[in-house]
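First comes the structure, then the notes that go with it.
Nothing fancy with the numbering, it's 1 onward along the sequence.
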Amino acid sequence: MTRTKLIKSEVIQLFKTTKETLRYYEQMGILKPEVSDNNYRYYDFEDLQKLREIFLLRNLDLSLEEIKQLDDGLVNKDDYIELLKSNHKTLQEKIQYFQDIQGNVEQLIEVLEKKDKTFSYHFREKKERHYHVLDPIETEEMDSPKAFFDSYKTLIKNNNYSERTLQMIYPYDLLGSGKKINAKVCMELPNNFKELTKKSQDLIIFPAGTYLSIFYPFRDGGFDMLPPLKTEIEKVFKEKTIIRKGTIVLEKEHLELSLFLDKDTTIFELQIHIERE
């Protein structure tokens, strides 16, 4: 007799999944293949459609418990729509996150491969971002991970904070000084930033728009390399016919991207708000 249904190994190949995953879905009761007398699982079109549904919802970050409730008919249409909206927003944030990582890796490759080039630049589109300027006491807390966690634990425990690299903000013209820059240390805020910011001067807003992202390796204490970098940035402005908007720049330290650099050297990123002529 010709077999018309798929066995587990074929489903695994089709969906690029694992036997443990299929077994767990079955144990939860959200996947119900036919079980033969010799304990083989057979999957028909309905089972495959159910798997497509499960994987889609998992990619939207729905928990298996939420998927089980949907499967059991315990969620009405309105609640389902709100669930999709909430998780669609999470998906958009993930896409943006991975797009940022993609851009970071591309620029890092350029810096590492082109030994005659001391920096890499890309144009990036950014949404409006809000930064809380840390006062001196808060800045001291950055020296202790535990003190930092205790200071912002309410924000963290309410899922309103995700670990972010501390960033620096300073006037663009200071790049040409050749001296240590007295930058404002800041932290990017979640959407409900108002609960953290006490005074308007604590808040700096970077508007949505196009930003020139510049990656460069910075040697500890090597502030003399910043004026030549500023000269190169000005050349990019001229060659690409772009205009700098505003007077300040945002700078990030990318310790996570500094593998294979000298121990005293770190990848830094400048973000400059620009517009094309």
For Gly246, is there any backbone N or O sitting under 3.5 Å from a side-chain donor or acceptor partner on Arg244? yes

Between Asp100 and Lys126, does any side-chain N to carboxylate O distance fall below 4.0 Å? yes

So NZ of Lys85 and CG of Leu60: to nearest 0.5 Å the spacing works out to 14.5 Å

Going by the ring pair (Phe, Tyr, Trp, His ring centres under 6.0 Å) test, which pairs reach into residues 257-277, not counting sequence neighbours? Tyr211-His273, Phe218-Phe268

Which residues pass the side-chain hydrogen bond (donor to acceptor under 3.5 Å, both in side chains) test with Lys94, not counting sequence neighbours? Asp61

Pairs flagged by ring pair (Phe, Tyr, Trp, His ring centres under 6.0 Å) wherever residues 82-108 is involved - sequence neighbours left out: none

Of all heavy-atom pairs between Pro227 and Gly176, which one has the smallest distance, and what is that distance? CG-O, 3.7 Å

For a side-chain contact (heavy atoms from CB on, under 4.5 Å) check, start with the C-alpha distance between Glu110 and Tyr121, then their side-chain angles and the critical distance, and finish with the verdict. CA-CA 9 Å; Glu110 290 178 8; Tyr121 70 87; over 6 Å; no

Does Glu234 have any salt bridge (charged side-chain N to carboxylate O under 4.0 Å, His left out) partners at least two apart in sequence or in another chain, and if so, which? Lys230

So, using side-chain hydrogen bond (donor to acceptor under 3.5 Å, both in side chains) as the criterion, who are the partners of Thr21 when residues are at least two apart? Thr18

Do other residues, nucleotides or ligands put more than 12 heavy atoms under 6.0 Å from the CG atom of Asn38? yes

By salt bridge (charged side-chain N to carboxylate O under 4.0 Å, His left out) - contacts of Lys127 (at least two apart): none

State plainly whether the residues Lys68 and Glu65 are in salt-bridge range, i.e. N to O under 4.0 Å. no

For Asp79, the salt bridge (charged side-chain N to carboxylate O under 4.0 Å, His left out) test, sequence neighbours excluded, returns none

Partners meeting salt bridge (charged side-chain N to carboxylate O under 4.0 Å, His left out) with Asp47 (sequence neighbours left out): none

Given Leu270, which partner from the list Leu226, Leu212, Leu229 fulfils the side-chain contact (heavy atoms from CB on, under 4.5 Å) test? Leu229

Give a yes or no answer on whether the side chain of Asp72 reaches the backbone of Leu74 with a donor-acceptor pair at less than 3.5 Å. no

Check whether Gln96 reaches the backbone of Glu93 with its side chain - one donor and one acceptor, N or O, closer than 3.5 Å. no

Distance check, rounded to the nearest 0.5 Å: Thr247 atom OG1 versus Leu174 atom CG? 10.0 Å

Please find the pair of heavy atoms, one from Tyr42 and one from Pro33, that lie closest to each other, and give the distance. O-CB, 3.4 Å

In Å and rounded to the nearest 0.5 Å, what is the CG to CD1 distance from Leu62 to Ile54? 11.5 Å

Pairing residues for Thr210 by the side-chain contact (heavy atoms from CB on, under 4.5 Å) criterion, not counting sequence neighbours: Phe123, Glu125, Ile274

side-chain contact (heavy atoms from CB on, under 4.5 Å) with Asp224: which residues, sequence neighbours excluded? Arg219

Quick check on the hydrophobic clustering: are Leu250 and Ile101 connected, directly or via other members, by side-chain heavy-atom contacts under 4.5 Å? no

So, do Lys235 and Thr231 sit near enough that their side-chain heavy atoms are less than 4.5 Å apart? yes

Ion pair Lys50/Glu53, N-O distance below 4.0 Å: yes

Carefully, step by step, assess Gln271 and Arg129 under the rule side chain to side chain donor-acceptor pair (under 3.5 Å). CA-CA 12 Å; Gln271 291 185 10; Arg129 292 166 292 166; 2.7 Å; yes

Residues forming a side-chain contact (heavy atoms from CB on, under 4.5 Å) with Leu261, sequence neighbours excluded: Leu112, Ser258, Thr265, Ile267

If you measure from NZ on Lys8 to NZ on Lys19, what distance do you get to the nearest 0.5 Å? 8.0 Å

Output for pair (Ser63 OG, Leu57 CG), nearest 0.5 Å, gives 10.0 Å

Could you walk me through whether His254 and Phe215 pass the side-chain contact (heavy atoms from CB on, under 4.5 Å) test, one step at a time? CA-CA 9 Å; His254 285 293; Phe215 271 48; 3.8 Å; yes

For the side chain of Asn76 and the backbone of Asp78, is there at least one donor-acceptor N/O pair under 3.5 Å apart? yes

Tell me whether the count of non-hydrogen atoms from other residues, nucleotides or ligands lying under 6.0 Å of CZ in Phe223 goes above 12. yes

Donor-acceptor pair, side chain of Asp71 and main chain of Ile67, under 3.5 angstrom: no

Tell me whether Glu20 at atom CD has more than 12 heavy atoms from other residues, nucleotides or ligands lying less than 6.0 Å away. yes

Distance from Ser120 atom OG to Glu269 atom CD, nearest 0.5 Å? 10.0 Å

When Asn104 is tested against each of Arg124, Lys252, Glu256 for side chain to side chain donor-acceptor pair (under 3.5 Å), which residue passes? Arg124

The criterion is side-chain hydrogen bond (donor to acceptor under 3.5 Å, both in side chains); which residues satisfy it with Tyr216, sequence neighbours excluded? Glu251

Give a yes or no on whether Leu22 and Met28 share a hydrophobic cluster (residues Ile, Leu, Val, Met, Phe, Trp, Tyr; joining criterion: side-chain heavy atoms under 4.5 Å apart). yes

Are Tyr40 and Tyr43 connected in the hydrophobic side-chain network, where two residues link if heavy atoms are under 4.5 Å apart? no

